[in-house]
Amino acid sequence: MITVIGNLKGGCGKSTVTFNLAIWLARAGVDVVAFDLDPQATLSDVAEVRQEDQVKPNIKVYRPDTDPEKVFREHADGEILVDVGASNLWAMRQAIRVSHRILVPVPPSQADVWATQRFLTMVDEALAKQNTRPKIFLFLNRADTHPGLMESDETADALKSLPGVEFIPHRLYQRTLYRRSFSEGRAVFELGPNQKAAEEIIGLAQFLYPDLPAAS
Ligand SMILES: Nc1ncnc2c1ncn2[C@@H]1O[C@H](COP(=O)(O)OP(=O)(O)OP(=O)(O)O)[C@@H](O)[C@H]1O
Ligand SMILES: [Mg+2]
């Protein structure tokens, strides 16, 4: 299955989510590869850190110079995660057209809701000539941990009201472990298995891959 992880606004957590899901899948014994279609190449960089430190399982990350058709054929029975950024809109549209589902991380702010709406319009335009549509899942990333702040709930309400998408009730909160684990080439559940970030990512992964055994 091809899952695109995308949104238009930078820093919403596309690469973080792609990386953590890829490792979760690999640890569950799934044949998983990732595509880094963002010229910034964050996902490739973090996978390189992991490889240099020889952390297992290793995650294979392809760049746009690899023929996607070939990779899709070779891993037809596996999981393919595609990290797309706004800096390569052409690649983003191509990925959307071949995807089976699209996962959209959204930070809690009005600007991010607007960017998400724009992204969904782009998705519609990219799919205009197709009969089949990927399923689109939205979820909150970088949600506020402070109970007094309303932005996360307000953003969740706004996302729930968008047509043609499914809002996932699994939030990833704003936590230092996401940033630290990324710079060390480790998934959050590898670096802090008993921490809340690990629980959050595993909850999201199990929602997206309900048929897989609990891996981590
Ligand atoms: N839930 C979170 N809590 C804390 N930090 C986070 C969280 N999610 C992502 N980050 C951090 O925010 C930064 C941006 O995240 P990331 O690179 O995953 O976003 P992106 O959408 O891929 O950005 P870009 O559009 O620039 O590719 C990174 O430093 C990452 O570690
Ligand atoms: Mg990125």
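When a ligand or atom number is given, it counts from 1 through the structure's own listing order.
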May I ask you to identify the nearest protein heavy atom to atom 13 (C) of ligand 1, giving residue, atom name and distance to one decimal place in Å?
Arg142 NH1, 3.8 Å
Donor on one side chain, acceptor on other, Ser87 and Asp38, under 3.5 Å:
yes
Do other residues, nucleotides or ligands put more than 12 heavy atoms under 6.0 Å from Arg118 CZ?
no
Heavy atom of Tyr173 under 4.0 Å from ligand 1?
yes
Whether Lys70 engages the ring of Phe72 as a cation-pi pair (distance to the six-membered ring centre under 6.0 angstrom, angle to the ring normal within 45°) should be assessed.
no
For atom 26 (O) of ligand 1, the protein heavy atom that lies nearest, with its residue and separation
Gln40 NE2, 3.0 Å
Thinking salt bridges, do Arg179 and Glu184 make one under a 4.0 Å N-O criterion?
no
Atom 29 (O) of ligand 1 has as its nearest protein heavy atom Arg179 CG, 3.5 Å
So which protein heavy atom does atom 14 (C) of ligand 1 come closest to, and at what separation?
Gly11 CA, 3.8 Å
For atom CG of Asp65, decide whether the heavy atoms of other residues, nucleotides or ligands shown that lie under 6.0 angstrom number more than 12.
yes
May I ask you to identify the nearest protein heavy atom to atom 2 (C) of ligand 1, giving residue, atom name and distance to one decimal place in Å?
Tyr178 CD1, 3.5 Å
Would you kindly specify which portion of Asn141 sits under 4.0 Å from ligand 1, judged on non-hydrogen atoms: side chain, backbone, both or neither?
side chain
If you have a sec, work out which protein heavy atom is nearest atom 3 (N) of ligand 1 and how many Å separate them, to one decimal?
Arg175 N, 3.0 Å
Would you mind checking which non-hydrogen protein atom is closest to atom 19 (O) of ligand 1, with the distance to 0.1 Å?
Gly13 N, 3.1 Å
To which protein heavy atom is atom 20 (P) of ligand 1 closest, and what is the distance rounded to 0.1 Å?
Lys14 N, 3.5 Å
Full working for side-chain contact (heavy atoms from CB on, under 4.5 Å) between Leu159 and Leu140:
CA-CA 9 Å; Leu159 298 180; Leu140 277 190; 4.2 Å; yes
Quick check: His170 with Phe207 (ring centres under 6.0 Å apart)?
yes
Check whether any N or O atom of Leu172, backbone or side chain, sits under 3.5 Å from an N or O atom of ligand 1, and answer yes or no.
no
Atoms in ligand 1 with a heavy atom of Gln174 nearer than 4.0 Å
3 (N), 4 (C), 5 (N)
Shortest non-hydrogen contact from Ala198 toward Gly192:
CB-O, 3.4 Å
Geometric N/O contact Lys9 with ligand 1, under 3.5 angstrom
no
Taking distance alone, with N or O pairs closer than 3.5 Å, would you say Asp83 contacts ligand 1?
no
Distance-only side-chain donor-acceptor flag, Ser181 / Arg186, under 3.5 Å:
no
Taking only non-hydrogen atoms of Gly85, do any sit less than 4.0 angstrom from ligand 1?
no
Answer yes if the side chains of Asp124 and Thr121 hold a donor-acceptor pair under 3.5 Å, and no otherwise.
no
Would you check the N or O atoms of Thr176, main chain and side chain alike, for any that come under 3.5 Å of an N or O of ligand 1?
no
Below 3.5 angstrom, do we get any N/O pair linking Thr16 and ligand 1?
yes
Could you tell me whether any N, O or S atom belonging to Ser15 is less than 2.8 Å from the Mg ion (ligand 2)?
yes
Provide the number and element of each atom of ligand 1 under 4.0 Å from a heavy atom of Asp38.
27 (O)
Salt bridge check: are Arg63 and Asp36 linked by an N-O gap of less than 4.0 Å?
yes
Suppose I only count heavy atoms of Phe182 and a 4.0 Å limit; which atoms of ligand 1 are within that range?
17 (O), 31 (O)
Using a cut-off of 6.0 Å, state whether more than 12 heavy atoms not belonging to Asp77 lie near its atom CG.
no
